[in-house]
Amino acid sequence: MTTRTEPGDGRSDPGLSAIMSERRQLINLGYRLLGSLADAEDVVQETYARWYAMSAREQQAIESPGAWLMTVASRICLNLLGSARARRETYVGDWIPEPLPEPTEWITGRSGAGGTDPADRVTLDESVTMAFLVVLDSMTPAERVAFVLHDVFRYPFGEVAEVVGRTPAACRQLASSARRRIRTAQSPAGPSAGQAGIVRQFRTAWEAKDIDALISLLDPDAVATADGGGLAVTHLHPIVGSEQIARAYAEIARVSGGHTTFLECTVNGLPGLVTRQDGNLSTVFAFEIVDDRIRHIWAVRNPEKLRPWRIS
């Protein structure tokens, strides 16, 4: 299996720097496959552990170390995806992929996240938007791996088959099925500049508890989903319909009173919101906007999923 990155390829004696240079590519793969930065980092650690468990002779016998690392990481992810489905049967409320921060607020340009920035490691493109990740999460593990490896990382189906354990023809069918899911679930999004304006208007209307203004910004069939994981208070089931969402969010603003502040931050590459209550990070909001209306809101409150978000 050949990798799409050059560092580390074809060396008979790959050094530490060459092997570690593959880390970003592995993080990119793991996050797209698992929807969790923490899980992706665990996969990378396990992948490197398996590499260094081999003897020097075994390592030197591998023609393309980068390809070997990607193959091993993909197989680990495939196994984890299977077990994740079982774990989510007992998850409290809806499960939303872990939101990925970017280092600046999209309005002020001020630093919004401290510490090591995940965006330095995960390439932000349409394959990591929240809407895209949610569709990926609806796929079978084999569909997800086949689609991500082929359509996102451009691996030929012959190499995808080595990971999935099926024939190239079967992998082609898996990727085709995944594409149909995406076409069915998604509509073309508007320019990010237009999205930023709509999210800003939503923030203003929400802070003002202006139900009519909120309704005007929401698609009539909009859905608001929240993820507290049983560790933070939130609505357990999706709220459906613009009026229902507007009233629910106006009530949230009323209850929180003056204890909540907003930051306009980039979430998974698109304009989003972050709220802080009494100075502490509480929720990250991602939006799907279609035809100048908000079609979906994802509110992540599970503190375990917000560890990368250290707002200064």
Side-chain angles (χ1 to χ4, degrees), residues 34-39 80-101 129-141 144 181 184-186 199 202-203 205-207 209 211 214-215 217-257 259-262 265 267-268 270 272-278 280-290 293-309:
L34 301 175
S36 167
L37 186 63
D39 288 346
L80 287 175
L81 284 170
S83 60
R85 291 198 160 209
R87 291 197 307 272
R88 288 177 197 168
E89 291 178 2
T90 60
Y91 194 81
V92 178
D94 286 284
W95 189 94
I96 297 175
E98 181 182 307
L100 186 72
T129 65
M130 190 61 74
F132 198 91
L133 289 174
V134 168
V135 179
L136 287 180
D137 198 58
S138 71
M139 300 176 184
T140 67
R144 188 168 184 168
R181 288 178 185 262
T184 299
Q186 289 191 299
V199 172
F202 182 85
R203 168 193 173 171
W206 188 5
E207 289 180 304
K209 309 178 199 58
I211 292 177
L214 288 170
I215 291 174
L217 293 166
L218 292 159
D219 183 275
D221 299 318
V223 179
T225 307
D227 180 347
L231 302 175
V233 176
T234 190
H235 50 273
L236 291 177
H237 305 289
I239 304 172
V240 181
S242 56
E243 183 174 349
Q244 290 80 359
I245 294 172
R247 293 190 181 280
Y249 272 57
E251 178 63 14
I252 292 171
R254 185 192 69 79
V255 171
S256 62
H259 299 284
T260 300
T261 56
F262 289 84
C265 290
V267 181
N268 288 70
L270 292 174
L273 295 174
V274 172
T275 61
R276 300 172 73 180
Q277 289 186 313
D278 296 321
N280 298 313
L281 173 70
S282 59
T283 313
V284 172
F285 295 89
F287 299 85
E288 181 183 31
I289 298 173
V290 179
R293 294 286 186 92
I294 297 171
R295 188 169 76 170
H296 210 133
I297 303 172
W298 293 279
V300 181
R301 287 180 53 78
N302 185 340
E304 293 182 349
K305 295 185 178 183
L306 300 181
R307 288 173 182 169
W309 293 78

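Being a predicted model, the structure only gives us computed values, none of them experimental. Hydrogens, waters and symmetry mates play no part in the numbers below; they use all other heavy atoms, side chains included.
Contact of the Ser282 side chain with the Arg276 side chain is not registered, since no non-hydrogen atoms from C-beta on lie closer than 4.5 Å. Put simply, the side chain of Phe287 does not reach to within 4.5 Å of the side chain of Val267, judged on heavy atoms. Two residues are said to be in side-chain contact when any heavy atoms from C-beta on lie closer than 4.5 Å; Val199 and Ile289 meet this criterion. In this structure, the side chains of Val300 and Glu98 stay at 4.5 Å or more apart for every pair of heavy atoms. Taking the side chain as every heavy atom from C-beta outward, Trp206 and Phe262 approach each other to under 4.5 Å. Looking at Cys265 and Leu273, their side chains never come closer than 4.5 Å, going by heavy atoms from C-beta outward.
Applying the side-chain contact (heavy atoms from CB on, under 4.5 Å) test between Pro99 and each of Leu133, Leu306, Val274, Leu37 identifies Leu306 as the sole match. When each of Ile294, Asp219, Leu218 is paired with Ile245, the side-chain contact (heavy atoms from CB on, under 4.5 Å) condition holds for Leu218 and for no other.
At distances below 3.5 Å, at least one donor-acceptor pair connects side-chain atoms of Arg181 with backbone N or O atoms of Ser138.
If you take CD on Glu207 and OG1 on Thr261, they are separated by 9.0 Å, rounding to the nearest 0.5 Å. Rounded to the nearest 0.5 Å, atoms CD (Gln277) and NE2 (His259) are 9.0 Å apart. In this structure, CG on Asp94 lies 8.0 Å from NE2 on His235, to the nearest 0.5 angstrom.
One finds no salt bridge joining Arg293 and Asp221 here, because no Lys/Arg side-chain nitrogen approaches an Asp/Glu carboxylate oxygen to under 4.0 Å. The existence of a salt bridge linking Glu251 and Arg247 is excluded, since no basic side-chain nitrogen approaches an acidic carboxylate oxygen closer than 4.0 Å. Between Asp227 and Lys305, at least one side-chain nitrogen of the basic residue sits less than 4.0 Å from a carboxylate oxygen of the acidic one, meeting the salt-bridge criterion.
The two residues Gly229 and Asn302 make their nearest non-hydrogen contact at CA-ND2, 3.8 Å. Nearest heavy atoms, Ala248 versus Ile239: CB-CD1, 3.6 Å. Closest heavy-atom contact between Met130 and Pro97: CE-O, 3.6 Å. Residues Trp309 and Leu281 come closest through the heavy atom pair O-CD2, 2.9 Å. Heavy-atom minimum distance, Ala299 versus Ile96: O-CD1, 3.9 Å. Nearest heavy-atom pair across Gly35 and Arg144 is N-NH2, 3.6 Å.
For the residue pair Thr275 / Thr260, no side-chain donor-acceptor distance below 3.5 Å is found, with atom types taken as modelled. For the residue pair Arg87/Ser83, the side-chain donor-acceptor check at 3.5 Å is satisfied. Between the side chains of Arg301 and Thr283, a donor-acceptor pair is found at a separation under 3.5 Å.
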**Study point:** Stepwise side chain to side chain contact (heavy atoms under 4.5 Å, CB included) check, Trp298 with Val284
**Key:** CA-CA 8 Å; Trp298 293 279; Val284 172; over 6 Å; no

Practice item. Determine, step by step, whether Phe202 and Ile297 satisfy the side chain to side chain contact (heavy atoms under 4.5 Å, CB included) criterion, reporting the C-alpha distance in whole Å, the side-chain angles of both residues, the deciding distance to 0.1 Å, and the verdict. Key: CA-CA 11 Å; Phe202 182 85; Ile297 303 172; 3.8 Å; yes

Exercise for review: Output, in order, the C-alpha distance, side-chain angles, deciding distance and verdict of salt bridge (charged side-chain N to carboxylate O under 4.0 Å, His left out) for Arg88 and Asp137.
Suggested key: CA-CA 11 Å; Arg88 288 177 197 168; Asp137 198 58; 2.6 Å; yes

